[in-house]
Undergrad: 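I am attaching a structure below and will ask some questions about it afterwards.
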2 protein chains.
Amino acid sequence: MRKRSLTLRDVSEASGVSEMTVSRVLRGKGDVSEATRLKVREAAKRLGYVPNQIAGALASQRVNLIAVIIPSLANMVFPEVLRGISKALEETSYQPVIGVTDYLPEKEEKVLYEMLSWRPAGIIIAGLEHSEGSRAMLRASGVPVVEIMDVDGEAIDACVGISHRRAGRLMAERILDAGYRKIGFLGTKMPLDHRARKRFEGFTERLAKGGVEVADQEFYSGGSALAKGREMTATILSRSPKLDFLYYSNDMIGAGGLLYLLESGRRIPDDIGLAGFNGVELLDGLPIRLATMDACRREIGEKAAEIVLAQYSGEVSEGEILIELQPRLAPGDTLRD
Amino acid sequence: MRKRSLTLRDVSEASGVSEMTVSRVLRGKGDVSEATRLKVREAAKRLGYVPNQIAGALASQRVNLIAVIIPSLANMVFPEVLRGISKALEETSYQPVIGVTDYLPEKEEKVLYEMLSWRPAGIIIAGLEHSEGSRAMLRASGVPVVEIMDVDGEAIDACVGISHRRAGRLMAERILDAGYRKIGFLGTKMPLDHRARKRFEGFTERLAKGGVEVADQEFYSGGSALAKGREMTATILSRSPKLDFLYYSNDMIGAGGLLYLLESGRRIPDDIGLAGFNGVELLDGLPIRLATMDACRREIGEKAAEIVLAQYSGEVSEGEILIELQPRLAPGDTLRD
DNA sequence: CTGAAAGCGCTAACAT
DNA sequence: ATGTTAGCGCTTTCAG
């Protein structure tokens, strides 16, 4: 048998103050005399009272939760977005609640449904691609919705991110400028990672404009990304030994490839060039710096949270907010000038 | 002005079925004729109704949330614990809600307070060290509490983890057996990471028993762990060139040290041996495998979630559950036989 | 199988 | 500065 938890009434009785005034003290709202305030505080503390937000939220029709829906926690990219969100929420009474979709639209829909059923103050959700059901729920939710990470597509409400197409194009351009021509692509076998797909599309488009085609490709799924990066690099190079550049869809596999090539004694970046994507902190510790592109993760999180707060408190009319951040290319040591 | 969201009443009116029966259909509880069931389902779907769990939880006094409180998401260790929890919860209607403490007791207390105010079905919290306030709240919560990761100390209720003291001892023993004698320790400057501290204590204790003392130490805080591992390794070896073994408090700095030593042309493991802790996936991609010790993260998450479920549903009396898992030492290639 | 009534614990909006 | 009243949207319980 579970114990009933303490209620406002218990504190009221223990302190001899009305429930309403106890409530006021505990929320710090309304004028309460210092004397009663102390009495109440003391009683609440003594009893170990923790307010019941379920009841509070029902009565006030306000919830201090912000739903954050992301594809994965394993990716390192998303925890950074979360840090941005937490930072923006730090001084407020709002709290992020995290949901993970594993890149599956059906799971996204389920997670979204669960979260909406707690009537959060706002929703921050990764990506612009959602199932019809999810889109309907988001539109009907009646709260601010901010789609993050990506701006290539149609947003439901607000949107903060970078253009992954553009990111792919920029990298392609830089690679062509550096004189590389036999280019291989290595990525994840994830048709549902739309951002990776868009980068690849932008990449090939820009190459095509320079009269270059991706010479070979290799994909992986599962396992340690670093180890997979090695394997894939070995595989693609044994199949296409003439490649002079490898573009990786993320830094982890890029780092694996980098380690492999260094061990093989390849001359980087002259013999072969490399680039990844994301600008993860890990790269700082590698023997040489992998070329990459910062995805502005932290900033995206911060801005998204700020938008939710502004909209929820009615400071801003909904919709029409689109913030496109500019990814910065960090050439590192694996891309010749 | 925010839109009011749909209620059971809206569905009731749209379907011509009483609220109560609508509720029964939507929850799948109680016998409802197939005909009405369909009518209700159709209406709910058409309207885009999402139930209000706030009201539901208040009325039923049950919540399908399990609070999970961890120190960090950056650490890679914790996302794995979360995966274990998610896995155990997969087929149930319960969902984890994550809170992050940044290793700060005050923040832990705040996060715990916030979570308890939603009256979760259970609490899974990392570590056995908590502020007096947190301990009081946990005891008073009236729900299952499972402390995870560590078993060296006094649990409030249930506990699942490994003994970090023992882990440190085991590694020390293995290192001594291998004949290393001039041992350096490299770790984080985190007095509040009790598990790292306990590993170190177990480590030095066991060394002492073998008549060996830690010859030098180096600590870091902040930044890329991989990069810091390099730096610290360079620093400690320039100060104490005779060291023949480096024990790192985590795999990331260990990996950084490993890369550094390989580049310096040190002969591993003969000239110098290395070991880390955690058994992170990343190690699979390094040039050679760092010796490490698996912390059973996934399993800890799974077991903890199972305990909460069992206790919440009353299958098991509270308390008295202590599951000590055994960390496995993986010698890799950086520890001579 | 279906419905009506009575709250769950709190807070908004009014009194006083 | 403090108290009273009436719900918030759902589920439990008890009748039909």
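Residue numbers start from 1 in every chain, and the chains themselves are labelled A, B, ... in the order their sequence lines are given, proteins ahead of strands.
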Undergrad: I'd like to check the side-chain contact (heavy atoms from CB on, under 4.5 Å) partners of B:Glu19; sequence neighbours left out, ordered by chain and number.
TA: B:Leu8, B:Arg9, B:Ser12

Undergrad: Looking at residues at least two apart in the chain, or sitting in another chain, which of them share a ring-ring contact (aromatic ring centres under 6.0 Å, His included) with A:Tyr94?
TA: A:Tyr312

Undergrad: Please enumerate all residues that pass side-chain hydrogen bond (donor to acceptor under 3.5 Å, both in side chains) together with A:Ser60, with sequence neighbours excluded.
TA: none

Undergrad: Could you run down nucleotides 5-10 of chain C 5' to 3' and tag each one B, S or - for protein heavy-atom contact under 4.0 Å?
TA: --BBBB

Undergrad: According to salt bridge (Lys or Arg N to Asp or Glu O under 4.0 Å), who are the partners of A:Lys110, at least two apart in sequence or on a separate chain?
TA: none

Undergrad: Quick one: list whatever passes side-chain hydrogen bond (donor to acceptor under 3.5 Å, both in side chains) with A:Asn64, sequence neighbours left out.
TA: none

Undergrad: So, using salt bridge (Lys or Arg N to Asp or Glu O under 4.0 Å) as the criterion, who are the partners of A:Glu90 when residues are at least two apart?
TA: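 A:Glu90 satisfies salt bridge (Lys or Arg N to Asp or Glu O under 4.0 Å) with no residue once adjacent residues are dropped.
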
Undergrad: Who are the salt bridge (Lys or Arg N to Asp or Glu O under 4.0 Å) partners of A:Glu42, not counting sequence neighbours?
TA: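 Partners of A:Glu42 by the salt bridge (Lys or Arg N to Asp or Glu O under 4.0 Å) criterion, ordered by chain and then number, come out as A:Arg46.
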
Undergrad: Less than 4.0 angstrom from a charged side-chain N to a carboxylate O is my criterion; do B:Arg195 and B:Asp150 meet it?
TA: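 B:Asp150 and B:Arg195: not salt-bridged.
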
Undergrad: Compare side-chain N and O positions of B:Thr21 against OP1 and OP2 of C:dC1 and report whether any pair is under 4.0 Å apart.
TA: no

Undergrad: A:Ser131: what forms a side-chain hydrogen bond (donor to acceptor under 3.5 Å, both in side chains) with it, not counting sequence neighbours?
TA: A:Glu109, A:Ser134

Undergrad: Roughly what angle, to 10°, lies between the helix axis at the start of the helix from C:dC1-D:dG16 to C:dT16-D:dA1 and the one at its end, five pairs per end?
TA: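 Here the local axes at opposite ends form an angle of 30°.
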
Undergrad: Under 4.0 Å from a heavy atom of chain B: give me the 5'-most and 3'-most nucleotides of DNA chain D that qualify.
TA: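 So the contact region on DNA chain D extends D:dG9 to D:dT12.
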
Undergrad: Restricting to salt bridge (Lys or Arg N to Asp or Glu O under 4.0 Å), what partner residues turn up for B:Lys45, sequence neighbours left out?
TA: none

